[in-house]
There are 2 protein chains.
Amino acid sequence: MATGRNHRPATRSRGIPEATVARLPLYLRALTALSERSVPTVSSEELAAAAGVNSAKLRKDFSYLGSYGTRGVGYDVEYLVYQISRELGLTQDWPVVIVGIGNLGAALANYGGFASRGFRVAALIDADPTMAGKPVAGIPVQHTDELEKIINDNGVSIGVIATPAGAAQQVCDRLVAAGVTSILNFAPTVLSVPDGVDVRKVDLSIELQILAFHEQRKAGEESEAAAGAPAPAAATPAATAQTENAGPDAAAGRKGPDGDMPAVMPA
Amino acid sequence: MATGRNHRPATRSRGIPEATVARLPLYLRALTALSERSVPTVSSEELAAAAGVNSAKLRKDFSYLGSYGTRGVGYDVEYLVYQISRELGLTQDWPVVIVGIGNLGAALANYGGFASRGFRVAALIDADPTMAGKPVAGIPVQHTDELEKIINDNGVSIGVIATPAGAAQQVCDRLVAAGVTSILNFAPTVLSVPDGVDVRKVDLSIELQILAFHEQRKAGEESEAAAGAPAPAAATPAATAQTENAGPDAAAGRKGPDGDMPAVMPA
DNA sequence: ATGTCTTTGTGAACGCGTGCACAAAGATGG
DNA sequence: CCATCTTTGTGCACGCGTTCACAAAGACAT
């Protein structure tokens with residue numbers, strides 16, 4: 001009975017816990033910012049603040065990579081940037097295809113944060129024939145018919161799906177069949193993939209719903225606890241908010257440690 | 001010594017664990033799809049498959065909301081849709097502002113998944129004066145100068161930041177000062193906010209980096225374990241992949257349980 | 001060389017989340 | 001009304017992730 005095939009030997013990849021892997025890009029971004037300001041070394045305390053995490057957590061995370069720090073001094077910024085980049089596999093070039101060139105696909109194609117991290121947009125693919133040839137972010141859009149050929153010719157192993165939900169599974173199947181083994185899915189659907197293929201999901205609507213839940217809770221608390229709070233403007237009591245769940249958020253650093261663009265810039 | 005202000009009474013909001021809250025939107029989406037197909041009831045097993053999670057987990061999640069199922073039968077779809085919607089606070093209208101109308105901001109403005117979930121785009125705001133008045137997704141873009149007035153007039157409590165990283169903290173501060181207590185941040189920066197304000201972060205680059213890590217690991221495993229695997233096309237050995245971390249992903253359902261659009265549609 | 005001071009690296013405890021396995025509950029049929 | 005069968009709801013155990021707290025390590029001054 002039960003679900004069927006359970007059994008998961010160890011999500012832990014190579015001694016490095018998943019939770020740690022998910023934070024490495026965060027550290028890398030903070031370190032890159034320090035590097036650009038020519039800061040030679042950082043303490044775990046400073047770096048943790050810049051990345052928005054606990055310093056003990058940061059040290060433990062780094063301990064999985066090795067002993068790269070110097071006691072009494074801290075971490076060498078350049079060296080750490082290199083080590084984390086290497087660990088994440090960013091020292092090599094990763095050709096990526098984006099399927100579904102709507103507003104979001106275009107936004108992704110324009111996103112500067114990819115190139116600077118070793119990702120290269122190898123091709124843009126869309127099912128709409130009238131899009132074919134039209135350049136987006138300087139790259140001509142190609143038709144879905146060419147998908148397999150593009151994947152093979154460029155040795156693409158990472159695909160981004162930004163199509164409507166209805167087309168997502170089909171596109172996914174074709175990507176996987178063509179050799180893609182990692183997929184970043186923006187379509188609001190549960191994708192079914194064979195073992196050995198990684199899928200990560202980003203759903204804007206879900207994030208908002210989670211915020212709405214907390215927002216509602218705050219509103220309810222306010223009306224049942226306090227008494228004379230006129231406008232919902234100033235800060236609420238004291239709370240214990242801060243959504244620290246699937247990724248450490250704010251409550252720390254201050255100072256924008258990055259020269260990066262967001263998911264895309266207005267121009 | 002140590003970090004300073006620690007002490008976190010309980011991230012758990014009102015008996016409902018964070019992890020469960022994060023999955024509720026997933027269930028809701030699957031249920032909505034069933035509702036549209038006029039399916040009257042579902043078993044935990046079926047629904048779990050559609051949502052891409054373990055059935056035991058799903059039952060436990062629902063148990064936090066109450067006993068809404070009928071033993072021997074399953075769950076009433078319509079009733080459950082209502083209960084989850086209410087729990088998430090989606091039965092009320094949530095005016096939302098989007099700041100930074102670049103490609104991504106435009107994609108978000110066009111996203112249909114918001115309206116259908118109780119979210120209403122109250123205004124689009126951009127710092128570029130030449131954007132002012134220009135309609136995006138049928139809504140005229142307004143200048144940043146109007147930010148405070150917009151927030152107040154519309155009673156906005158949720159803000160979306162899609163600006164470049166450099167502007168994010170400043171925009172965030174103004175949003176918070178104007179009364180916003182929940183922020184969805186797309187800018188690659190750690191935002192600093194006072195207690196009582198929730199921040200959720202979406203970083204496209206980070207997701208890709210995590211995929212790259214696993215991809216690299218797969219490649220390494222392949223070359224050190226197996227022997228005669230020619231092209232990196234077909235599925236790798238068997239692995240134990242599947243990135244099940246901050247959100248259950250694939251490996252289940254099949255059948256796209258949604259009529260939803262992705263983050264935005266190509267038209 | 002020795003002492004002091006800073007900061008790392010980690011052992012250990014704790015808490016949350018997950019999954020198993022089963023008893024209780026109710027539907028359904030005779 | 002009773003028996004059987006299905007499916008929920010949950011007690012329990014286990015493992016991962018987080019945090020604390022401190023010993024070890026090295027820099028730096030004298």
Side-chain angles (χ1 to χ4, degrees), chain A residues 1-13 15-24 27 40-49 51-76 79-80 242 244-248, chain B residues 1-13 15-24 40-49 51-76 79-80 83 240 242-248 251-252:
Chain A
M1 255 148 257
T3 317
R5 183 222 324 127
N6 308 71
H7 186 58
R8 179 153 307 173
T11 311
R12 177 165 311 191
S13 301
I16 303 181
E18 262 304 304
T20 295
V21 172
R23 279 188 295 267
L24 289 182
Y27 302 143
T41 60
V42 263
S43 67
S44 63
E45 201 76 39
E46 292 168 325
L47 185 54
V53 302
N54 183 298
S55 69
K57 195 186 297 186
L58 179 143
R59 285 198 300 276
K60 177 142 289 196
D61 282 343
F62 285 175
S63 77
Y64 290 114
L65 308 182
S67 288
Y68 296 147
T70 305
R71 299 178 190 228
V73 177
Y75 299 92
D76 181 281
Y79 186 59
L80 205 48
Q242 215 54 256
E244 179 150 350
N245 180 27
Chain B
M1 254 147 258
T3 318
R5 185 219 323 123
N6 309 69
H7 188 56
R8 178 155 309 173
T11 312
R12 178 164 309 193
S13 302
I16 303 180
E18 262 304 305
T20 294
V21 172
R23 278 188 296 267
L24 290 182
T41 59
V42 264
S43 67
S44 62
E45 200 76 38
E46 293 168 325
L47 186 54
V53 302
N54 184 297
S55 68
K57 194 187 295 186
L58 178 142
R59 285 199 299 276
K60 178 146 290 193
D61 283 343
F62 285 175
S63 77
Y64 290 115
L65 308 182
S67 288
Y68 295 148
T70 305
R71 300 180 189 226
V73 176
Y75 299 92
D76 182 279
Y79 186 59
L80 204 47
Q83 288 300 342
T240 129
Q242 213 55 255
T243 310
E244 181 148 351
N245 181 24

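Every chain is numbered from 1, with letters handed out A, B, ... down the list of sequences. In this text, all values refer to a predicted model and were calculated from it rather than measured experimentally. What you see below is based on every heavy atom in this structure, not just the backbone, and it leaves out hydrogens, waters and symmetry mates.
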With the side chain of B:R59 defined as its heavy atoms from C-beta on, choose the nearest nucleotide among C:dG9, D:dT19, D:dT8. D:dT8

May I ask you to check whether B:Y68 and B:F62 place their ring centres under 6.0 Å from each other? no

Of the candidates D:dG17, D:dG9, C:dT8, the side chain of A:A19 sits closest to D:dG17

In this structure, how many angstroms lie between the P atom of C:dA27 and the CG atom of B:D76, rounded? 13 Å

For a quick test of reading the model: is some side-chain N or O of B:R23 closer than 4.0 Å to OP1 or OP2 of C:dT18? yes

From CG of A:N54 over to P of C:dG9, roughly how many Å is that when rounded to an integer? 15 Å

N/O (side chain, A:S43) to phosphate O (OP1/OP2, C:dT7) under 4.0 Å: no

In whole Å, I'd like the distance from the CD atom of A:E45 to the P atom of D:dA21. 14 Å

Output the distance between atom CG (B:L58) and atom OH (B:Y75), rounded to the nearest 0.5 Å. 6.0 Å

Rounded to the nearest 0.5 Å, what separates atom CD in A:E18 from atom OG1 in A:T20? 9.0 Å

DNA chain C: A:V73 or A:D61, which has the more 5' nearest nucleotide? A:V73

Starting at atom CG of B:L58, determine the distance to atom P of D:dG9, rounded to an integer number of angstrom. 10 Å

Under 4.0 Å between a side-chain N/O of B:T70 and OP1 or OP2 of C:dG26, yes or no? no

Tell me whether the OP1 or OP2 atom of C:dC16 has a side-chain N or O from B:Y64 closer than 4.0 Å. no

Using a cut-off of less than 4.0 Å, is there contact between a side-chain N or O of A:K57 and OP1 or OP2 of D:dT19? yes

Regarding D:dG17, can its base be found pairing with the side chain of A:K60 as donor and acceptor, where the two atoms are less than 3.5 Å apart? no

What nucleotide, of D:dA21, C:dG9, D:dG17, holds the atom closest to the side chain of A:Y75? C:dG9

Measure the spacing between OG of B:S43 and CZ of B:R59 and express it to the nearest 0.5 Å. 9.0 Å

According to a strict under-4.0 Å criterion, is B:Y68 in side-chain N/O contact with OP1 or OP2 of D:dT7? no

Taking every heavy atom of A:D61 against every heavy atom of A:Y27, the minimum-distance pair comes out as OD2-OH, 2.5 Å

Determine whether a donor-acceptor pair (one donor, one acceptor, N or O, separation below 3.5 Å) exists between the side chain of B:R71 and the base of D:dT8. yes

